[in-house]
**Student:** 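A single structure is presented below for examination.
Both ligands and their constituent atoms are indexed starting at 1 by order of listing. Just so you know, residue 1 is the first one in the sequence shown, and it goes up from there.
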Amino acid sequence: MKYISTRGQAPALNFEDVLLTGLAPDGGLYVPETLPRYTPEQISSWAGLSYAELAKQIIAPFVAESIPADELGRIIDDTYAEFSHSAVAPLNQIGSNEWVLELFHGPTLAFKDFALQLLGRLLDYILERRNERAVIVGATSGDTGSAAIEGCKRCDNVDIFIMHPHNRVSEVQRRQMTTIVGDNIHNLAVEGNFDDCQAMVKASFADQSFLEGKARLVAVNSINWARIMAQVVYYFAAGISLGAPHRSVAFSVPTGNFGDIFAGYIARNMGLPISQLIVATNSNDILHRFMESNHYNKATLEHTLSPSMDIMVSSNFERLLFDLYGRNGNAIAELMDKFAETGELEVDEHRWAFARELFSSSRVDDEQTCATIKQVFAETEYLLDPHTAIGVYAARQCRRDASVPMVTLATAHPVKFPEPVIKAGLEAPELPHHLSDLFERQERMSVLERDITRLHSYIRQHSRAL
Ligand SMILES: *Cc1c(COP(=O)(O)O)cnc(C)c1O
């Protein structure tokens, strides 16, 4: 399988080169040139597979030229054996034909483990074989950082530098990053917001001279295709459990960077019968504004009770635009240039109408988030995390057909975000066993000015590859 850039000017790459980069040299994002498409017969033949076995089926064609099937199988078995629930991604029923897909049984208790546990292992395998080293520079509003650090902590060939906005992530989230010990792990608390951190990541990719050609710069945010690929699996897993391909399924997805829901869109394009895909945003609602009114424009950042979705711009949205424009890279380059200049974009009316056929959307504020946590607890004694609560609220608001199973992705364990749970008048949950001493562990991090040259000199001083 070849991967092409959404801006049409970069050479096509194979999987391992896509894994080992960030943005394409033309500024675009890589997407598969074509997707495998499965018939209902093929999809039904996957019923009853374990999560790991299903993952092998779905991931194999994306990596075939780079990783032999037996090696891939070993890597996937290793990855999902670390999860604390034997079903890996269990479904839990919270209402009539209404479910949550629990994606928080990985080591850092959020769905990002699904992709980043795999990504770390894939990276180490490929780098070892090529005798190369990588530096990861990433930005996190909370969950990506801990998941990336957990995923890479055993990677001999990777040094990882994760920036988070200083004092803007929850204490559990911060501790999950800063208490993991390793020579290759570096936590940087940046005096700024998440978008400042992300801007520094972007600038690092744009000018990599600080690496002096001695290491690859690898992205761990969801612009890395490998993350989307790994996430496609759980849509199939949930869909098949609930009767696909003989029955359609609907998904509601708490969304920030449009990564997780884009994986659902890919699953649908691969043949999974998804009748409805709901974009569920918090007050940082750029995606909902686009779906509602065809205005995709930067607004000011709001700090909400669902901080992992506090974004101004959704980095994966460009991947959808690429399809909306018939995969015309030049058109996307033009649109994105305009967006970079003016901070807004609008698409042709018929393309926007098509986007609205593909996605429903809803915006959920903090008050509605707390009310949903409270309501679902009253109905079932099931405790939602605030991101998941946004998904459930949106699912209930946008649902078109009560006979279709509605699955909300439960993107984090409620223990990571106690504030809204307490605001909802409920008792904060306890940390699971493997994290029970989190508040006693020693933290390691450096506070960094919002300054790209500071960042680069820090990396030069601390990377083993340089
Ligand atoms: C990252 C994250 C999201 C948003 O995922 P995107 O891929 O950015 O849309 C939602 N919930 C939680 C808990 C997260 O960590």
**Student:** Are more than 12 heavy atoms from other residues, nucleotides or ligands located less than 6.0 Å from atom CZ of R450?
**Tutor:** no
**Student:** As a test of reading the model: which residues have a non-hydrogen atom less than 4.0 Å away from ligand 1?
**Tutor:** F111, K112, D143, P254, T255, G256, N257, F258, G259, D260, S308, M309, H387, T411, A412
**Student:** Does the distance from a Lys or Arg side-chain N to an Asp or Glu carboxylate O, for E318 and R7, drop under 4.0 Å?
**Tutor:** yes
**Student:** Please confirm whether the backbone N or O of T108 pairs with a side-chain atom of D113, one donor and one acceptor, at under 3.5 Å?
**Tutor:** yes
**Student:** Do the side-chain N and O atoms of Y265 and D323 include a donor-acceptor pair separated by under 3.5 angstrom?
**Tutor:** yes
**Student:** Which pairs count as salt bridge (Lys or Arg N to Asp or Glu O under 4.0 Å) when at least one residue sits in residues 83-106, sequence neighbours excluded?
**Tutor:** E98-R396
**Student:** Say whether, by atom type as modelled, one donor and one acceptor occur between the side chain of N316 and the main chain of R319 under 3.5 angstrom.
**Tutor:** no
